[in-house]
Protein chains: 2
Amino acid sequence: MSGTNTDVPAVLAYELPNPVPTAELEICPVGGIFRRVGDRWSLILIALLGRRPYRYNELHRAIEGISQRMLTRTLRGLEIDGLVHREVFPTVPPSVEYRLTPLGSSLLGPVSALAEWAVRHEPDMAAARLRNGSVE
Amino acid sequence: MSGTNTDVPAVLAYELPNPVPTAELEICPVGGIFRRVGDRWSLILIALLGRRPYRYNELHRAIEGISQRMLTRTLRGLEIDGLVHREVFPTVPPSVEYRLTPLGSSLLGPVSALAEWAVRHEPDMAAARLRNGSVE
DNA sequence: CCGTATCCTTGACGATACTG
DNA sequence: CAGTATCGTCAAGGATACGG
């Protein structure tokens, strides 16, 4: 689905008048979303929670590379930005469930588009890195 | 173009088997592309070069917030990954032109999709931040 | 079970100065 | 014009230990 694109930008063309006043770029929220989701764990969490709700330790076990500190911090960040919902069940012992909000779910589409690009073109980038002697 | 999406993931669903062996996530190149392009300047440069080729100081003036150091480093990074092509013209004084490679151009589509999402939903995120008392 | 608190390392980034 | 070199700062992230 979705033809590959060597085609026109779209929003980008609109966002960037020619002399590029810089302020335009600062204001442009594209950078913002990349910063929010471009860290080490946010995307992984969003992808996971895109499948079903998870409890805290369930996430901790599932990802396993992540520290408790970063799991908590990343979840809080996503919660603050309204991408993830946190619900506490006052059971004994307590359990906390995390799920995507509708806003968070709406991110899955665009992210998937980028994911498809990455899956398709990552070999090209790897080849380029070899050609240009990054880690030879 | 492209209806909004609260719809299904796609690649993400494929990328993530349920117990999530972590290795799957490490290997998944989605994180990689976000890391490469999620820094402060890469996206801006890609967006700029998506419009036309630029010379070094032209970029430096156009973006203006950027230091020479970071401009050079970011361009080198993008060049190493095959997203940007650097061509030197042995004139006096020397001039160097940067342009997107076809690979780099192919990124504009997916990035634009995410840009559209950001433009549309950034207000929702800002509202959420206020609700959740991030910078109140 | 679900976190917080503390310490430490690393790398991103900016500022400034200098060069072919 | 098109960079490199050096230094300093700051936030992301990991490790470990502790608490409700």
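Here is how names work: the chains are called A, B, and so on, in the same order as the sequence lines, proteins then strands, and each is numbered from 1.
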| Where does DNA chain D form stems of at least three consecutive Watson-Crick or G-U wobble pairs, each pair having both distances below 3.5 Å? | C:3-20 with D:1-18
| task | Taking side chain to side chain donor-acceptor pair (under 3.5 Å) as the test, write out the residues that go with B/T101, two or more places apart. | result | none
| said: So B/E87 and B/V96, do their side chains get closer than 4.5 Å, heavy atoms only? | reply: no
| request: Would you kindly give the NE2-to-P distance between A/H60 and C/dG3, to the nearest whole Å? | output: 12 Å
| query | By a strict heavy-atom criterion of less than 4.0 Å, which residues belonging to residues 89-100 of chain B are in contact with DNA chain D? | reply | B/P93, B/P94, B/S95, B/V96, B/Y98
| When the C1' atoms of C/dC1 and D/dC18 are considered, how many whole Å apart are they? | 15 Å
| field | Euclidean distance, atom CZ of residue A/R76 to atom C1' of C/dA5 [Å, nearest integer] | value | 14 Å
| Length of the line joining A/L71:CG and C/dA5:C1', which is rounded to integer Å | 16 Å
Mind listing the side-chain donor-acceptor pairs of residues 76-84 of chain A below 3.5 Å, one per line with the distance, residues two or more places apart or on another chain?
{"unit_1": "A/D81", "atom_1": "OD1", "unit_2": "B/R129", "atom_2": "NH1", "d": "2.7"}
{"unit_1": "A/D81", "atom_1": "OD2", "unit_2": "A/R36", "atom_2": "NE", "d": "2.1"}
{"unit_1": "A/D81", "atom_1": "OD2", "unit_2": "B/R129", "atom_2": "NH1", "d": "3.3"}

| said: Output the rounded distance in Å from CD (B/Q68) to P (D/dA2). | reply: 10 Å
| said: Expressed as a whole number of angstroms, how long is the span from A/Y56:OH to C/dC1:P? | reply: 11 Å
| query | For A/W117 and B/S106, which heavy atoms make the closest approach, and how far apart are they? | reply | NE1-OG, 2.8 Å
Could I get a table of every N or O pair under 3.5 Å where one atom is in the protein and the other is in nucleotides 12-14 of chain C?
{"unit_1": "C/dC13", "atom_1": "OP1", "unit_2": "B/R40", "atom_2": "N", "d": "2.9"}
{"unit_1": "C/dC13", "atom_1": "N4", "unit_2": "B/R69", "atom_2": "NH2", "d": "3.0"}
{"unit_1": "C/dG14", "atom_1": "OP1", "unit_2": "B/R40", "atom_2": "NH1", "d": "3.0"}
{"unit_1": "C/dG14", "atom_1": "OP2", "unit_2": "B/W41", "atom_2": "NE1", "d": "3.2"}
{"unit_1": "C/dG14", "atom_1": "O6", "unit_2": "B/R69", "atom_2": "NE", "d": "3.2"}

| said: Are the side chains of B/I63 and B/L45 in contact, using a 4.5 Å heavy-atom criterion? | reply: yes
| query | Would a distance-only check, ignoring hydrogens and angles, find a side-chain to backbone donor-acceptor pair under 3.5 Å from A/D39 to A/S42? | reply | yes
| Under the side chain to side chain donor-acceptor pair (under 3.5 Å) rule, what pairs show up with a residue in residues 90-100 of chain A, not counting sequence neighbours? | A/R86-A/Y98, A/E97-A/R99
| field | Separation of D/dG14 P from A/E64 CD (nearest whole Å) | value | 13 Å
| request: Working to the nearest 0.5 Å, report the span between CZ of A/R35 and CZ of B/F34. | output: 13.5 Å
| remark: Sorted by chain and number, sequence neighbours left out, side chain to side chain donor-acceptor pair (under 3.5 Å) with A/D124 holds for A/H121
Pairs under 3.5 angstrom only: tabulate donor-acceptor contacts from the side chains of residues 68-75 of chain A to other protein residues two or more places apart or in another chain.
{"unit_1": "A/T72", "atom_1": "OG1", "unit_2": "A/Y56", "atom_2": "OH", "d": "3.0"}
{"unit_1": "A/T72", "atom_1": "OG1", "unit_2": "A/Q68", "atom_2": "O", "d": "3.1"}
{"unit_1": "A/T74", "atom_1": "OG1", "unit_2": "A/M70", "atom_2": "O", "d": "2.6"}

| said: Taking the side chain as everything from C-beta on, heavy atoms only, tell me whether A/L100 gets closer than 4.5 Å to A/L108. | reply: yes
